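Take a look at the structure below.
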Amino acid sequence: MKLANDKVTSLKKAVTSFVRNGCHLSIGGFTINRNPMAAVYEIIRQNITGLHLYVHSNGQGVDELIGAGCVAKIEIAYGGSGKFAATCIRFKKAVQEGTIQVEDYSNYQMTLRFLAGAMGVPFLPTRSSLGTDIIAKWGFPAAMRCAEEKLPDQKLIVMDNPFNGWSGADKVVLVPAITPDVTFIHVQKADRRGNCRMQGLTFADVEQAKAARHLVVTCEELVDDDALRKNSEQNQIPFIHVDAVVHIPYGAYPTACYNHYDYDPVYLKAYAIAAKNDRLFKAYLDSHILTLADQQGLLDLVGSERIERIKADPRTGYAADLDRR
Amino acid sequence: MKLANDKVTSLKKAVTSFVRNGCHLSIGGFTINRNPMAAVYEIIRQNITGLHLYVHSNGQGVDELIGAGCVAKIEIAYGGSGKFAATCIRFKKAVQEGTIQVEDYSNYQMTLRFLAGAMGVPFLPTRSSLGTDIIAKWGFPAAMRCAEEKLPDQKLIVMDNPFNGWSGADKVVLVPAITPDVTFIHVQKADRRGNCRMQGLTFADVEQAKAARHLVVTCEELVDDDALRKNSEQNQIPFIHVDAVVHIPYGAYPTACYNHYDYDPVYLKAYAIAAKNDRLFKAYLDSHILTLADQQGLLDLVGSERIERIKADPRTGYAADLDRR
Amino acid sequence: MDYTLREMMTLVAAREIRNEDIVFCGTGISMLAAMAAKNIHAPKCVMFFETGAIDAKLEEIPLAVADSRVMYHTSANGGLLDAFATMQNRITGDLVIGILGAAQIDKFGNLNSTVIGDYFSPTTRFSGSGGGCDVASFVSRSIIFMQHEKRKFVQKLDYMTSPGHLDGPDGRAKAGLSAGGPQLVITNMAMMRFDEDTKEMYLDGCYPGISPATVLEHMQFTVDISRAREIPPPAAHELKILREKCDPQRLIL
Amino acid sequence: MDYTLREMMTLVAAREIRNEDIVFCGTGISMLAAMAAKNIHAPKCVMFFETGAIDAKLEEIPLAVADSRVMYHTSANGGLLDAFATMQNRITGDLVIGILGAAQIDKFGNLNSTVIGDYFSPTTRFSGSGGGCDVASFVSRSIIFMQHEKRKFVQKLDYMTSPGHLDGPDGRAKAGLSAGGPQLVITNMAMMRFDEDTKEMYLDGCYPGISPATVLEHMQFTVDISRAREIPPPAAHELKILREKCDPQRLIL
């Protein structure tokens, strides 16, 4: 699979093939940028439930998955969508109502956990969080951790530095590796075999991608086989990690995709309003996800005028002078 | 220093400022590619001695530093120059004659040690070398390690996986961080503040650079201040890590620099012959390093015809059809 | 000259930023403070986001640290691993000043940005640490923005997300954290610092028209007010730059 | 058809490489074996160097794994961290077949590429592990190239640089290494495999004209020769491709 020459498929098929009820899922992006939103919407449409979600600072994607009832457990550092929702609204509600279980880490810790998975080591060390409740309080109780084979027995471990204070550190925190069953990321360019090139910030997408058993890449541009072989130091993910490639222009919409489009402030504000109210949110799910066939359906619903407004200015990579108030 | 706007200086001054007798030094590159050779030659000219050298798979640079008598101790994974010297000749000789002390690690371990330094953690884990003499035999004895403040007390530590077999690992090897006093790397492009862009493979240069207390960058091209701010995901090292920038075209010669020039097979073969014989090697040091003022002096000595021959073909990045027999 | 408390907070923070600082910025007024410093008196200071963006040219205000606006004209566009390593690494980390915010703070500058109530069944859930805990763990100097309210300056945090001085003078060392910790708390009323010996918060100054007693009324714990001075209001040129150059669209102010 | 032993070795190794393999290559005949496989029967196999280059288009023979020739037309140009993580990570690592060489080998396929003599005052120093120890530790399958000489097939290694099956069937598991280990030793005389139960080397086959007895004369230890067959010589089309497409300049052959 990982070495196939042509991995291009439909999003429907990619989700059906790799996302099962209760599976361990990770999605790329950061708050309101480069979330794999088309994939999120397809997961919602396929009514996947009981997901165990791993993210660092995710916003829109996480909130919609939780709001749609797909998520049972989440390991996360930050659930927020910038100015549009300082705390993600459906995430907040779900935690307060106890409908999802949360395990809290810091952003660096989550990133190191993905890196550990990508590297094939059981843990990585950091000096972050010593003395805090991130260490003291475990959202997933020890008994549950021991019972679930796909979870490490410990949330993290504080250890004395075995190298006698080397590097000025007396103690370190070891954080356990994550190996998601499947990771979804959205990138600017990919070829049919799965080589990926991201532009702008990569966040922790590379680590999330390489840690996963299966990796589905959605891309703005599906390029010719040789296109990415020039200046290939710009390809952050070689094809050997990739299981499926799906070509979806505006696949990160309503979040941003550097050099292609900005986030849509109109959408994100309307979402925040709907998310605060169960009835409105149900209507939102119906009108914007469940009754639509695919991402193109969403773009049609939103209308070309709004899509035009968020198109990236080629100089800056975002939509300059966009009304974001 | 790290935040200065203009860090451009001469190589002479950079070496004088940052390289002291006995200091802990690291050089970038791999075997016969992108070694910071101009810097190596200047270190030799300045007659620096007693260096503690950290490298992974370095070839030409290491061998010349050792041959010139600059090095007292070396931590290394591989001393070889590809087909030109399966084992670096002066390195081999120095170890056999006991004139340098060696500590052996694997390539991944050395790279992780640089990464640990760059990350600011005392160690990183790997599953490499379990059961081997890399673990059992310490080139630097424990007593020496404990006596020297700049060395960790242990070469490495084998530890049971504290996460109860998580990730399928029962044991891990912890390798200690390296923080060189100074690292030299040679890159294709840099600006005056020190932002760096490498092309082709980066080897472990990024980790070696970010681990060091001081970083000196030599570059093929010194570019305008704004040139690297476009597509800046291609800049592997931002200026905040850099102390000095030196503009030296052919600064990696006689090793290769992707997209600029190839290694010089004539030079490397002649070097291998000279290196095998103490008298010839002394003559080589005199004629090719000590009596020359700088890298331009070496290029002049070699002559433009040979330099012309190794110029990179713009399509492939190396000198196609170069006679390398 | 009229000014809002939000403008005052931003400019008080900006004054603390030096030309030699790498400023770790969050969203909102923390990035605005850095932008103001850069435009007013510290043109060389470097703005730095946990997302991996270094020294962006902010032609417009980013609405999140992952906003594409932070990716334009940077020194490097890396990722989270790069960003946090830069702070955990003492060589570069000691150059960084962090700017943080939280829902609760205690007298040692420890922060809660996770929950109100019991962690396992919270009455209010917040976003969580993000990079806050990492920054607070790694950098030697940080500035904290807070709203001055009794429910926010608490005797005991409901959850300690980010370490300040932990339980006092030796707190960080005992826990294994590097030296340093929070230096400054900037609120809508006052500015607090931490005593060198006790590491407890004290009142460094009040905004014009606000008395130390008023400040104390808005906190669950008492702090030393003997060192309090009046903090000068924003100067006209500071306000002008802040309003016209930093946030002309009033997205944050 | 005439052929050299070096050609034979290269092609014997090439035959072991499948279309579904990621081939970790060193310099010399190991990369030539992969190039031959790719050109003869496994066009989809992926060549991979520890320097971080994946699936290069090798228009010319690289003389080192850091040769700029491995950087041309690749899927990605990364670094050492990427390369070794790909092998240590079981998801991708299990797709990798490693090709290694050494100065000494023992009956369990453990390798020495560091010193001859005492480690602390060696009579001969070699290059050292490089990525050899890493590859041997991580990948589940590997091929080892050796010259068949008594001083190279030894009772006891002077230094164990890279783990084979260590001290036998449970060796790797006891040490904490992942399953797998060397599969095949290819020499200038013969091909050896490792017994499934004992993990000891046995003679799988000899090159045309070479007897099992001759093979044994060139080793310090004895191996089971009962399973030995004659290995077919290079076919004309194999040789033609190897000579004309893979190494026309005879840089390695």
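Order of the sequence lines sets the chain letters (A, B, ...), proteins ahead of strands, with each chain counted from 1. The shown structure was predicted, so the numbers you read here are calculated from the model rather than taken from an experiment.
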With a 4.0 Å cut-off on N to O distance, would you call Asp167(D) and Lys174(D) a salt bridge?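 Yes.
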Salt bridge between Arg193(D) and Glu16(D), side-chain N to carboxylate O under 4.0 Å?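 Result for this pair is yes, salt bridge flagged.
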Rounded distance (nearest 0.5 Å) linking atom CZ of Phe18(A) with atom CG of Asp243(A):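 Those atoms lie 4.5 Å apart.
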Test item: Glu103(A) and Arg145(A) side chains (from C-beta on) under 4.5 Å apart, heavy atoms: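 Glu103(A) reaches Arg145(A) side chain to side chain.
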Under a 4.5 Å cutoff for heavy-atom pairs, which residue among [options] has the most contacts with chain D?
options: Val206(A), Leu228(A), Asn5(A); answer: Asn5(A)
options: Gly120(A), Ser232(A), Gly117(A); answer: Ser232(A)
options: Gln234(A), Lys230(A), His241(A); answer: His241(A)

Evaluate the ring planes of Tyr54(A) and His24(A), with Trp represented by its six-membered ring, and classify them as parallel (under 30°), tilted (30 to 60°) or perpendicular (over 60°).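 Geometry flag for His24(A) against Tyr54(A): tilted rings.
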Could you look at [X] and say if it's the side chain, the backbone, both or neither that has a heavy atom under 4.5 Å from chain D?
X: Ala4(A); result: neither
X: Ala177(A); result: neither
X: Arg193(A); result: side chain

With a 4.5 angstrom heavy-atom cut-off, which part of [X] approaches chain A: side chain, backbone, both or neither?
X: Asp21(D); value: backbone
X: Thr92(D); value: side chain
X: Leu95(D); value: side chain

Quick one about Gln236(A) and Thr202(A) (side-chain donor to acceptor, distance below 3.5 Å, no hydrogens or angles considered), yes or no?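 Judged by distance alone, the side chains do not pair up.
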Think Arg113(A) forms a cation-pi with Tyr105(A), using NZ or CZ under 6.0 Å from the six-ring centre and within 45 degrees of its axis?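 Verdict for Tyr105(A): a cation-pi partner in Arg113(A).
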For the candidates Gly78(D), Ala85(D), Ala76(D), Ala53(D), which exhibits the highest count of non-hydrogen atom pairs separated by less than 4.5 Å from chain A?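 Going by pairs under 4.5 Å, I would pick Ala76(D).
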